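One structure is given here, and the rest of the page talks about it.
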2 protein chains.
Amino acid sequence: MGRPTIGDVASAAGVTKATVSHAFSGKRPISEATKARVIAAAEELNWVPSSPARALATRRANAIGIVLARDPEILASDTFFPAFIAGVESVLAPREVALVLQVARTRSGEERAYRAIAQGRADGVIVLDLHQDDWRVPLLQGLGTPAVLLGAYDGQSSFSCVRTDDAAPVHELIDHLLAHGHTRIAHVSGPMGYVHSRVRAQAYLERVGDEELLRQGDFTARSGRDLTAELLQLPDRPSAIVYANDTMAIAGLSYARSLGLRVPDDLAVAGFDDDHLSAHLSPGLTSVSTDPHRRGEVAAEHLLHDIAGGTPRSVTLDCTRLRLRDSTASRR
Amino acid sequence: MGRPTIGDVASAAGVTKATVSHAFSGKRPISEATKARVIAAAEELNWVPSSPARALATRRANAIGIVLARDPEILASDTFFPAFIAGVESVLAPREVALVLQVARTRSGEERAYRAIAQGRADGVIVLDLHQDDWRVPLLQGLGTPAVLLGAYDGQSSFSCVRTDDAAPVHELIDHLLAHGHTRIAHVSGPMGYVHSRVRAQAYLERVGDEELLRQGDFTARSGRDLTAELLQLPDRPSAIVYANDTMAIAGLSYARSLGLRVPDDLAVAGFDDDHLSAHLSPGLTSVSTDPHRRGEVAAEHLLHDIAGGTPRSVTLDCTRLRLRDSTASRR
DNA sequence: TGGTCAGAGTAAACCGGTTTGACAGCAGAG
DNA sequence: CTCTGCTGTCAAACCGGTTTACTCTGACCA
């Protein structure tokens with residue numbers, strides 16, 4: 001005999017499947033005596049309801065999904081992701097909801113993954129790394145799957161949104177640099193397709209005015225290094241570089257140093273994300289902490305709320321903070 | 001009408017459910033003409049088979065599980081985890097197998113999670129953070145669930161094992177320190193319940209001989225700091241400290257510096273795990289890289305192999321490498 | 001004394017797939 | 001000309017739960 005089924009429990013307790021089901025769900029009154037017998041039998045047999053069977057019958061997977069389009073390699077060096085997942089799980093775990101993770105490399109694979117989720121693998125999804133006019137939003141809307149968008153979506157959507165104010169800390173940072181005498185401030189952004197990259201770059205431009213010192217990177221250490229090299233070769237090189245994440249900032253910082261430049265005296269450097277080691281670098285790396293843990297919690301809460309039938313709500317979290325450290329200390 | 005079912009596709013194509021199923025699975029011969037009609041109908045309706053239904057019928061979830069007993073907070077600052085997941089996913093993604101992640105805080109929650117997986121949420125599990133005589137091994141054996149153990153399990157088990165040689169790089173490191181004149185070398189370990197912590201500590205003891213300078217930490221920055229403080233207060237304080245992970249090492253390093261000690265001149269420091277930023281610290285942190293990505297790949301491959309009915313196999317990967325950097329440079 | 005109603009439980013339908021057994025039609029062998 | 005075998009399809013059973021419709025008691029009320 002394989003794993004025990006509800007039928008085994010039922011006959012062990014001398015009742016029918018329906019009674020066992022009701023005894024556990026409480027959706028129908030069951031006498032105390034019977035309930036006790038059922039529970040004892042279930043315990044005896046070590047019965048746990050089959051989740052596919054339950055999912056099929058209730059149309060609830062008791063799971064939420066996240067589809068990652070990122071290259072697994074990039075995932076690995078990302079500081080945002082584990083903290084975000086941890087936040088999500090801290091909400092999911094007590095309710096015994098599982099998290100289904102799927103990585104897709106191609107657009108069609110990604111689409112299949114979302115479809116698979118929509119038809120039963122999970123009850124809803126959290127959408128990360130929003131693009132402008134992201135195609136996933138209409139897709140999910142068409143599929144009728146509850147979803148929570150992380151970041152600002154500018155189109156129409158009936159989904160909950162969890163936003164943060166990324167512009168404010170960038171403004172604050174640039175104002176700080178300007179106030180300390182920097183006149184040529186560069187920015188190494190993330191891919192402009194991402195809404196969050198664009199918002200940061202936009203905030204930079206609002207203060208700096210033109211795109212002369214704006215370079216588009218891709219969040220990898222390699223691009224941080226290469227674009228730093230490019231910027232430092234300019235005839236009138238920047239005295240400060242603001243990167244869209246810490247990984248690029250650190251790669252840039254190391255490279256500048258390898259040229260003999262001193263940080264912050266010859267070049268001020270700032271990142272974004274506040275990797276947990278950034279405070280321990282030497283000099284400490286100025287960065288913007290974004291509390292991905294909290295964002296994970298809130299996103300998960302909103303999603304569960306929507307799945308339960310609540311009306312989608314959008315929030316803007318106040319959780320971005322500029323962390324000034326020595327890499328942008330005053331110039332002597 | 002809700003999402004299309006196989007029945008909708010069948011009637012659209014003018015055949016029965018069985019024919020649709022066979023047309024896709026190829027388990028029975030179907031004429032080219034019919035097959036084309038079925039596929040067209042499915043495409044037209046945007047049909048994707050319901051995974052709970054399929055899972056129920058085939059007893060295959062097409063997913064593998066990982067249960068994390070770690071506190072979500074610790075997860076967030078862990079460098080091993082995202083890279084490991086990335087490795088796992090790089091094997092899973094092309095086969096369209098999903099990864100089900102469950103975090104449990106209590107022992108009973110953890111047990112429920114494993115039971116839930118065993119009865120259908122997933123087809124197998126990867127077991128992380130092995131303890132000595134880990135209770136999960138007999139549990140999973142009893143449940144009959146395929147599993148892959150990450151690390152050495154000393155008891156009997158019929159599971160595949162993916163091991164690494166953690167002792168060799170520790171030996172190499174300590175020999176290096178001894179060769180450079182260090183006589184008092186301390187070790188801040190992880191919790192001794194973990195096999196990997198124990199292996200590292202054991203390797204340390206094999207070279208150092210006694211436990212006087214061995215302290216048990218818990219992988220958090222806080223414990224790294226506190227135990228460093230304790231060690232540095234000793235009358236005959238150590239000249240080198242080897243930590244069981246980078247997070248503790250960095251916290252210890254910062255603390256030592258805050259006391260005015262110079263690294264490596266007054267105190268040599270080494271970590272374990274080789275966080276991607278460790279090479280960029282200043283001084284660069286000596287550490288041991290363990291290639292979690294590769295371990296994830298291999299673990300996933302073994303698990304899929306076992307799920308498919310293969311006989312479990314154990315491997316020892318040669319993927320730990322000592323990375324000597326300035327934090328343990330020669331004393332002047 | 002008959003009617004209503006709540007409580008406890010049963011039997012069967014259903015969720016959406018897969019798989020098995022049966023069968024019709026047709027080709028080739030004996 | 002029948003028998004066998006193969007191809008292509010259908011109908012029904014099955015996976016393991018949940019849910020609905022229904023039955024049977026016994027208590028309460030008028």
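Keep in mind that this is a model prediction, so the values were computed, not measured. Lettering follows sequence order; numbering is per chain, from 1.
- The CG atom of A:Asp133 sits 6.0 Å away from the OH atom of A:Tyr153 when rounded to the nearest 0.5 Å.
- A cation-pi arrangement is present between B:Arg107 and B:Trp135 under the rule of less than 6.0 angstrom and at most 45 degrees off the ring axis.
- B:Ser158 and B:Gln141 form a side-chain donor-acceptor contact under 3.5 Å, judged by distance and modelled atom types alone.
- If A:Trp47 and B:Ser31 are placed on DNA chain D by their nearest nucleotide, the residue sitting closer to the 5' end is B:Ser31.
- Within a 6.0 Å sphere centred on CD of B:Glu44, other residues, nucleotides and ligands contribute 12 heavy atoms or fewer.
- B:Leu56 comes within 4.0 angstrom of a nucleotide base, judged by non-hydrogen atoms across all strands.
- Within residues 11-24 of chain B, the residues that place at least one heavy atom under 4.0 Å from DNA chain C are, in residue-number order, B:Lys17, B:Ala18, B:Ser21, B:His22.
- Taking CG of B:Asp134 as the start and CG of B:Asp129 as the end, the distance is 9.0 Å to the nearest 0.5 Å.
- Residues passing the side chain to side chain donor-acceptor pair (under 3.5 Å) test with A:Ser314: none are found, sequence neighbours excluded.
- The base of D:dT18 lies outside donor-acceptor range of the side chain of A:Arg54, with no N or O pair under 3.5 Å.
- The stretch residues 108-122 of chain A does not touch DNA chain D, since none of its heavy atoms comes less than 4.0 Å from the strand.
- Residues that satisfy the side chain to side chain donor-acceptor pair (under 3.5 Å) test with A:Ser51, not counting sequence neighbours, are absent from this structure.
- Of all nucleotides in DNA chain C, those with any atom nearer than 4.0 Å to a heavy atom of chain A start and finish, going 5' to 3', at C:dA8 to C:dG16.
- Salt bridge status for B:Arg136 with B:Glu110: present, with a side-chain N to carboxylate O gap under 4.0 Å.
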Show the distances under 3.5 angstrom between N or O atoms of the protein and N or O atoms of nucleotides 24-28 of chain D.
none

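- Shown here for B:Val127 and B:Ala147, the closest heavy-atom pair between the two residues is CG2-CB, 4.5 Å.
- With sequence neighbours left out, the side chain to side chain contact (heavy atoms under 4.5 Å, CB included) criterion links B:Ala41 to B:Val9, B:Ala12, B:Ala13.
- For the helix from C:dT1-D:dA30 to C:dG30-D:dC1, the terminal axes (five pairs an end, C1' atoms, rotation from four pairs onto the next four) enclose an angle of 60°, given to 10 degrees.
- Take B:Asp218 and apply the side chain to side chain donor-acceptor pair (under 3.5 Å) test, not counting sequence neighbours, and it matches B:Thr220, B:Ser223.
- The distance from the CG atom of A:Leu140 to the OH atom of A:Tyr114 is 6.5 Å, given to the nearest 0.5 Å.
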Acceptor/donor pairs from residues 305-312 of chain B side chains to any protein atom, 3.5 angstrom cut, sequence neighbours excluded:
| from | atom 1 | to | atom 2 | distance (Å) |
| --- | --- | --- | --- | --- |
| B:Asp306 | OD1 | B:Ser160 | OG | 3.4 |
| B:Asp306 | OD2 | B:Ser160 | OG | 2.6 |

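- Between B:Tyr194 and B:His131, the distance from one ring center to the other falls under 6.0 angstrom.
- Backbone-only contact: A:Arg59 has heavy atoms under 4.0 Å from sugar-phosphate atoms and none from a base.
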Validation: residues 15-22 of chain B side-chain donor-acceptor distances under 3.5 Å, sequence neighbours left out:
| from | atom 1 | to | atom 2 | distance (Å) |
| --- | --- | --- | --- | --- |
| B:Thr16 | OG1 | B:Thr19 | OG1 | 3.4 |
| B:His22 | ND1 | B:Ala18 | O | 3.1 |

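- Contact annotation: B:Thr34 side-chain N/O to D:dT9 OP1/OP2 distance is under 4.0 Å.
- Per the geometry, CZ belonging to A:Arg28 stands 14 Å off P belonging to D:dT18, to the nearest Å.
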Residues 91-103 of chain B, side-chain donor-acceptor partners within the protein, below 3.5 Å, at least two apart:
| from | atom 1 | to | atom 2 | distance (Å) |
| --- | --- | --- | --- | --- |
| B:Glu96 | OE1 | A:Arg112 | NE | 3.3 |
| B:Glu96 | OE2 | A:Arg112 | NE | 2.7 |
| B:Glu96 | OE2 | A:Arg112 | NH2 | 3.0 |

